[in-house]
Amino acid sequence: MSPRLRACRRTDGKNIYNFAAHQGGNMLDLHLVRNEPDRVEELLRRKGFTAGIRDILELDAERRAALTEFERKRAEQKKLSKRIGALRKTGADASDLMREASELAAVIKDLEAKAERLGRELRDRLLRVPNVPDPDVPVSEDESGNVVLSVKGEPPRFDFEPKAHWDLLGEAGLLDMELGSSLAGSGFYALRGGLARLERALIDLMIRLHTERHGYEEVATPYLARDEILEGTGQLPKFADDMYRIEGSELFLIPTAEVTLANARRGKVLKEDDLPIYLCGYTPCFRREAGAAGRDTRGLIRVHQFSKVELIKIVRPEDSEAELEKLVGEACAVLDALGLHYRTVLLSTGDMTFSSAKTIDIEVYCPGVDRWLEVSSCSNCRDFQARRMMTRYKPAGGKGTRYVHILNGSGVALPRLLIALAESYQRADGSVALPEAVRPYFGGADTLPGKEAGR
RNA sequence: GGGGAGGUGGCAGAGUGGUCGAAUGCGGCGGCUUGCUAAGCCGUUGUACGGUCAAUACCGUACCGCGGGUUCGAAUCCCGCCCUUCCCGCCA
């Protein structure tokens, strides 16, 4: 972790047992790592994590030994203290025992510090290990191994040369890149007139679809979150440089509402009846796009701030596989409603995110730029995030607690949806036909006017 | 920004520096009683980590917002932080 981040992080504390409790737990099931180190190592290697886990296991063994030693001494100390208390109650002299206890206390202090240090080291290491991919995820170093699962609809046909959105919308005065960059720098943009309104209309459409048809609860969360929240979903500690941080605080601008929505049940022990929980919300998303300099510099394809409707599911472990399929369908419903041409893609191990065990992307075809653009990424994180944020549930009738499974998916991301709509439904005169589904949210109009009619 | 109050187990709510993992109530679970319903009675009821292990079993340690300190011993005393809430001021 960067020094600057360390400085603003809450300390991991003296709770030497439950390094999970309040600051978020380890990501991998440590028992699984102990029992099947080779298998875990192999799965992690598929995801590009080559550091190995041998030294983690060593550290784990060391920590446990130190913990046991500490606990033995501590038990001794507690007995001594009780004897002292009993003695003093009778008025007898306990000074010998107290001297003994005092020496013991000094020893224990060291033992505790050692166990604590090892626990913290172990946790720091574990937090940087990505989630293991599902065994059936195609193995590849990069996106070349992705597998197209389905293709929906037909590419739109034109009797003229379709324009890229930056030309189409720029010429219409609806997309103002210059205004955005003059205010906040390159990578920022401004939507004007009908385009700004269209974005709001689409947000409204999507949220109504998900709440009314798919059973989600709409939640409007803060756009900033504390570091421990980001740690819960997996952006921290590894990806601090991808986010905007608020100077002088522990707050980051969220890169996605997944962060705040997935953490909505943080630290809770839920009842089985509470599950599944479906949450959806609209937020702007802020991304530094560090390392992406020079890529997709034109238009709205890759920008530092964009709007997105996000979907989150908190479910029982046995349901997460099926819920991922459902989630993809719910995100696709947006594109279906708008009549867009899209495909679903199973991401290979090399293209998945840190926290995901299995990811299916939805890519929409944009004829102006002649590319498939990702508008949604649906991931099953299984218990990876739940462990970090300590979200569990109590099985009905059963004993104990289990970690929930958490899924996230965009439902869907906006600028690229605007791109797809504009480029797919553009007319020769520069105007854009609006699909029927969006019209009720756009004052009933069937057209996004081009230059002449604009403003 | 200034001042006050407070953060205890699923919830509500006690708690004297020493046998407090924590009274009590509610809820939950098991049982009895009961012709439904309601009520009553008895028992039980947290989580995590570590160890032993055949074990859903036993032992140990930790957890009373988070962290640090004092002490032989801290829910209880001291310090810092976070959060909640009330009053005042200020700006929307």
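Letters A, B, ... are given to chains in the order of the sequence lines, protein chains preceding strands, and every chain is numbered from 1. Just the heavy atoms: all of them, side chains too, but no hydrogens, waters or symmetry mates, feed the values below.
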- prompt: Which of the following nucleotides, B:rA48, B:rC72, B:rG60, is nearest to the side chain of A:E71?
  reply: B:rG60

Whole-angstrom distance between B:rU24 and B:rG15, as gauged at atom C1': 11 Å

message: Just the rounded figure in Å: distance from C1' of B:rC63 to CE of A:M390.
response: 11 Å

field: A:E76 CD to B:rG73 P, straight-line distance once rounded to whole Å
entry: 14 Å

task: Could you work out the separation of B:rC53 and B:rC41 based on their C1' atoms and round it to a whole Å?
output: 39 Å

- request: Show your reasoning for whether side-chain hydrogen bond (donor to acceptor under 3.5 Å, both in side chains) applies to A:E323 and A:Y278.
  value: CA-CA 11 Å; A:E323 289 284 7; A:Y278 292 179; 2.9 Å; yes

message: Using Watson-Crick or G-U wobble geometry with both distances under 3.5 Å, which nucleotide pairs with B:rC26?
response: B:rG10

Rounded distance in Å - CG (A:L67) to C1' (B:rG50): 5 Å

query: Separation of A:R120 atom CZ from B:rC49 atom P, in whole Å?
result: 19 Å

task: Could you check which of B:rC72, B:rA62, B:rC83 has an atom nearest any side-chain atom of A:K78?
output: B:rA62

query: How close or far is atom P of B:rG73 from atom CD of A:Q77, stated in whole angstroms?
result: 5 Å

- request: Look at the side chain of A:R72 against the base of B:rG60 and say whether a donor-acceptor pair falls under 3.5 Å; ignore hydrogens and angles.
  value: no

message: Whether the side chain of A:S356 engages the backbone of A:K358 through a donor-acceptor N/O pair (distance < 3.5 Å, no angle test) should be reported.
response: yes

message: Need the pair for B:rG60. Rule: Watson-Crick or G-U wobble, both distances under 3.5 Å, any strand; none if unpaired.
response: B:rC49

field: Whole-Å gap separating P (B:rC83) and CZ (A:R266)
entry: 14 Å

- prompt: In terms of ring plane angle, is the pair A:Y282 and A:Y223 parallel, tilted or perpendicular, where the classes change at 30° and 60°?
  reply: perpendicular

query: Is B:rC41 paired to anything, Watson-Crick or G-U wobble with both distances less than 3.5 Å, and if yes, which nucleotide?
result: B:rG31

message: If you only use heavy atoms from C-beta on, which nucleotide in B:rU47, B:rU61, B:rG18 is closest to the side chain of A:I84?
response: B:rG18

task: Counting Watson-Crick and G-U wobble pairs only, both distances under 3.5 Å, name the nucleotide matched with B:rA5, or none.
output: B:rU84

field: Aromatic ring pairing A:Y216/A:H214, orientation class (parallel under 30°, perpendicular over 60°, tilted between)
entry: perpendicular

field: Partner nucleotide of B:rU70 by Watson-Crick or wobble geometry (both distances under 3.5 Å)
entry: none

query: If you look at every strand shown and take non-hydrogen atoms under 4.0 Å, does A:R34 touch a base, only sugar-phosphate, or nothing?
result: sugar-phosphate

query: For A:F442, is the NZ or CZ atom of A:R197 found under 6.0 angstrom from the centre of its six-membered ring and inside 45 degrees of the ring axis?
result: yes

task: Kindly say whether the aromatic ring centers of A:F384 and A:F354 come within a distance under 6.0 Å.
output: yes

message: Check the phosphate of B:rG51 against A:R64, side-chain N and O only, distance under 4.0 Å to OP1 or OP2. Yes or no?
response: yes

query: What integer distance in Å separates A:M98:CE from B:rU71:P?
result: 11 Å

query: Given the P atoms of B:rG4 and B:rG73, what is the spacing between them in whole Å?
result: 33 Å

- prompt: NA contact type, A:L80, heavy-atom cut-off 4.0 Å: base, sugar-phosphate, or nothing?
  reply: nothing

field: Exercise: identify the closest heavy-atom pair between A:G299 and A:H165
entry: CA-NE2, 3.5 Å

- prompt: Given atom CG of A:L251 and atom P of B:rC82, what is their separation to the nearest angstrom?
  reply: 11 Å

query: Does A:T401 place a side-chain N or O at less than 4.0 Å from the phosphate oxygens OP1/OP2 of B:rA48?
result: yes

field: Rounded C1' spacing from B:rU61 to B:rU70 in Å
entry: 23 Å

field: Side-chain N or O of A:R88 closer than 4.0 Å to phosphate OP1/OP2 of B:rC72
entry: no

- line: pair_partner(B:rA92), Watson-Crick or wobble, both distances < 3.5 Å, evaluates to none

message: Does B:rG50 have its OP1 or OP2 closer than 4.0 Å to a side-chain nitrogen or oxygen of A:H31?
response: yes

field: B:rA22 to B:rC78 separation - C1' atoms, rounded to the nearest Å
entry: 23 Å

Separation of the C1' atoms in B:rU84 and B:rC77, to the nearest angstrom: 24 Å

- prompt: Using atom P of each nucleotide, how far apart are B:rG35 and B:rU56 to the nearest Å?
  reply: 42 Å

query: What nucleotide, of B:rC72, B:rC82, B:rU61, holds the atom closest to the side chain of A:A101?
result: B:rC72

message: Tell me whether the side-chain N/O atoms of A:K268 come closer than 4.0 Å to OP1 or OP2 in B:rG10.
response: no

Gap in Å between the two P atoms, one belonging to B:rC42 and one to B:rU33, rounded: 15 Å

